[in-house]
Amino acid sequence: MPEGHTLHRLARDQTTRFAGRPVRVSSPQGRFAEGAALVDGQVLNVVRAHGKHLFAVFGAHTVHVHLGLYGKFAAGNGTPPEPRGALRMRWVGTDAWTDLRGATACEVLTPDDVAGILARLGPDPLARRPDGSLAGLRIARSRAPIAGLLMDQSVLSGIGNVYRAEVLFRHRVPPYLPGRELGPERWAAIWADLVTLMRAGVRSGRIITTLPVHRSRRTGRVASADAHYVYRRTGLPCRLCGTPVAMHMLSSRKLYFCPRCQQTPIEALL
DNA sequence: GCAAAATGTCAAG
DNA sequence: TTGACCTTTTGCA
């Protein structure tokens, strides 16, 4: 589930489990063999996330991982399992191991390379001191639909298709509204909401946007079918107004929204 | 047992 | 705008 919350959670966990000690790094699949050799046996300093990018610092070498659509880490304690399938990268620490498969990017970078990537990324709601003002300026100058801008990692980073759809619904924003028509107050509210939602996502490891409405009285849990307002709910009734949830393709990604709750005020009056 | 889909990005045209 | 990339999971026969 690689939106920003996943990467920040991974950074935190991997730092806890591996940092401060040497890590055996290998690439059973072979595709990362050269990179692995550069850092194998080195002490891991820290793992950090910015948006959907993960940076594991081994002295002057940084392992950069981008999970893309399919990438996934598996992890455990004790002896790692026999390598199976396309295992791009394996870490083995003193009592912990982790396996990476399917990532779009897994490479060793210099500090300059890392700075170059960070320079291309917009502010991250999961930063220690979140500041959405730069993203707000970009949005206020753009004619592009807000639904597209939210997914643009150079405008703000870490938002994927789920948070995009859900936050627009939560604020009743029409997805095609041009960025310049959003207004600063609405942007401030959206940004603050993203900070809250994504921090909750780091804690739980899931994207739940419907709390507290759909939490079970008995167990306090949210069923996966109840975790979202519109994401992947095409044709199902909107949880607020009952209108069937709509799905459009926008820039070849699926965009989910409620055509009634997310109308512009003027359209709503017609 | 196989096809399709999945939370993403980049390069080619 | 379209396809390539990469792997696992889900859903249908």
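Hydrogens, waters and symmetry mates play no part in the numbers below; they use all other heavy atoms, side chains included. In what follows, chains carry the letters A, B, and so on, assigned in the order in which the sequence lines appear, proteins first and then strands, with residues in each chain numbered from 1.
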Asker: Considering only nitrogen or oxygen atoms on both sides, find all protein atoms under 3.5 Å from nucleotides 11-13 of chain B and state each distance.
Answerer:
none

Asker: May I have the step-by-step check of side chain to side chain contact (heavy atoms under 4.5 Å, CB included) for A/F58 and A/V108, ending in yes or no?
Answerer: CA-CA 10 Å; A/F58 292 85; A/V108 172; over 6 Å; no
Asker: Could you report the tightest heavy-atom contact between A/W91 and A/A56, atom names first, then the distance?
Answerer: CH2-CB, 3.6 Å
Asker: Counting side-chain heavy atoms from CB outward, which of B/dT9, B/dT7, C/dT7 is closest to A/H66?
Answerer: B/dT9
Asker: In whole angstrom, give me the gap between the P atoms of C/dG3 and B/dA4.
Answerer: 15 Å
Asker: Rounded to the Å, how far apart are A/L255 CG and B/dA6 P?
Answerer: 14 Å
Asker: Side chains of A/D113 and A/T110: any donor to acceptor distance under 3.5 Å?
Answerer: yes
Asker: Quick check on contacts: within residues 73-91 of chain A, what sits under 4.0 Å from DNA chain C by heavy-atom distance?
Answerer: A/A86, A/R88
Asker: In whole angstroms, how far is the C1' atom of B/dC10 from the CG atom of A/L69?
Answerer: 13 Å
Asker: Please list, chain by chain and in numerical order, all residues satisfying ring pair (Phe, Tyr, Trp, His ring centres under 6.0 Å) with A/H50, sequence neighbours excluded.
Answerer: none
Asker: Show the atom names and distances, to 0.1 Å, of all donor-acceptor pairs under 3.5 Å that link a side chain in residues 197-204 of chain A to residues at least two apart or in another chain.
Answerer:
residue, atom, partner, partner atom, Å
A/S204, OG, A/A200, O, 3.1
A/S204, OG, A/R206, N, 3.1
A/S204, OG, A/R206, O, 3.1

Asker: Please state how far atom CG in A/L67 lies from atom C1' in B/dT7, giving the value in whole angstrom units.
Answerer: 10 Å
Asker: Measure from NE2 on A/H50 to P on B/dG8 and round the result to the nearest Å.
Answerer: 16 Å
Asker: Would you measure the distance from the P atom in B/dT7 across to the matching atom in C/dG11 and give it in whole Å?
Answerer: 14 Å
Asker: Starting at CD of A/Q29 and ending at C1' of C/dT8, how long is that distance when rounded to a whole Å?
Answerer: 14 Å
Asker: When the P atoms of C/dT8 and B/dC10 are compared, how many Å lie between them, rounded to an integer?
Answerer: 23 Å
Asker: Would you check if there is a donor-acceptor pair between the side chains of A/D124 and A/H8 at a distance under 3.5 Å?
Answerer: yes
Asker: Heavy-atom contacts under 4.0 Å between residues 98-122 of chain A and DNA chain C, which residues?
Answerer: A/R101, A/G102
Asker: Report yes or no: do A/L150 and A/L177 belong to one cluster of Ile/Leu/Val/Met/Phe/Trp/Tyr joined by side chain heavy-atom distances under 4.5 Å?
Answerer: yes
Asker: Rounding to a whole Å, what distance do you find between A/E3:CD and B/dT9:C1'?
Answerer: 14 Å
Asker: Step by step, would you call A/H171 with A/V167 a side chain to side chain contact (heavy atoms under 4.5 Å, CB included)?
Answerer: CA-CA 6 Å; A/H171 294 264; A/V167 83; 3.9 Å; yes
Asker: Closest approach to the side chain of A/K72, judged atom by atom: which nucleotide of B/dA6, B/dG8, C/dT8 is it?
Answerer: C/dT8
Asker: For side chain to side chain contact (heavy atoms under 4.5 Å, CB included), just list the numbers for A/L240 and A/R172, CA-CA rounded to whole Å, side-chain angles, deciding distance to a tenth of an Å, and then say yes or no.
Answerer: CA-CA 11 Å; A/L240 296 193; A/R172 313 289 186 269; 2.9 Å; yes
Asker: Students often mix this up, so state it plainly: with edges at 30° and 60°, are the rings of A/H228 and A/Y231 parallel, tilted or perpendicular?
Answerer: perpendicular
Asker: Roughly, in whole Å, what's the span from CZ in A/R164 to P in B/dT9?
Answerer: 12 Å
Asker: Is A/Y163 close enough to B/dT7 that one of its side-chain N or O atoms is under 4.0 Å from OP1 or OP2 there?
Answerer: no
Asker: Regarding A/R232, tell me which of base, sugar-phosphate or nothing describes its non-hydrogen contacts under 4.0 Å with the strands shown.
Answerer: sugar-phosphate
Asker: Which part of the nucleic acid does A/S252 contact within heavy-atom distance under 4.0 Å: base, sugar-phosphate only, or nothing?
Answerer: base
Asker: Got a donor-acceptor contact below 3.5 angstrom from the A/Q263 side chain to the A/R260 backbone?
Answerer: yes
Asker: Would you say the ring centroid of A/H248 lies under 6.0 angstrom from that of A/Y176?
Answerer: yes
Asker: Once you round it to whole Å, what is the distance between C1' of B/dT7 and CZ of A/R206?
Answerer: 14 Å
Asker: Do A/V173 and A/F257 share a hydrophobic cluster, counting only Ile, Leu, Val, Met, Phe, Trp and Tyr and linking them when any side-chain heavy atoms are less than 4.5 Å apart?
Answerer: no
Asker: Counting any heavy atom closer than 4.0 Å, what does A/E166 reach on the DNA or RNA strands: base, sugar-phosphate only, or nothing?
Answerer: nothing
Asker: Are A/R21 and A/T94 close enough that a side-chain donor and a side-chain acceptor fall under 3.5 Å?
Answerer: yes
Asker: Does anything in residues 147-161 of chain A reach DNA chain B, meaning a heavy atom under 4.0 Å, and if so which residues?
Answerer: A/Q153, A/G160, A/N161
Asker: Do the charged groups of A/D95 and A/R17 touch, with an N to O distance under 4.0 Å?
Answerer: no
Asker: OP1 or OP2 of B/dA6 less than 4.0 angstrom from a side-chain nitrogen or oxygen of A/K254, does that happen here?
Answerer: yes
Asker: Taking only the side-chain nitrogens and oxygens of A/K52, find out if one of them lies under 4.0 Å from OP1 or OP2 of B/dT9.
Answerer: yes
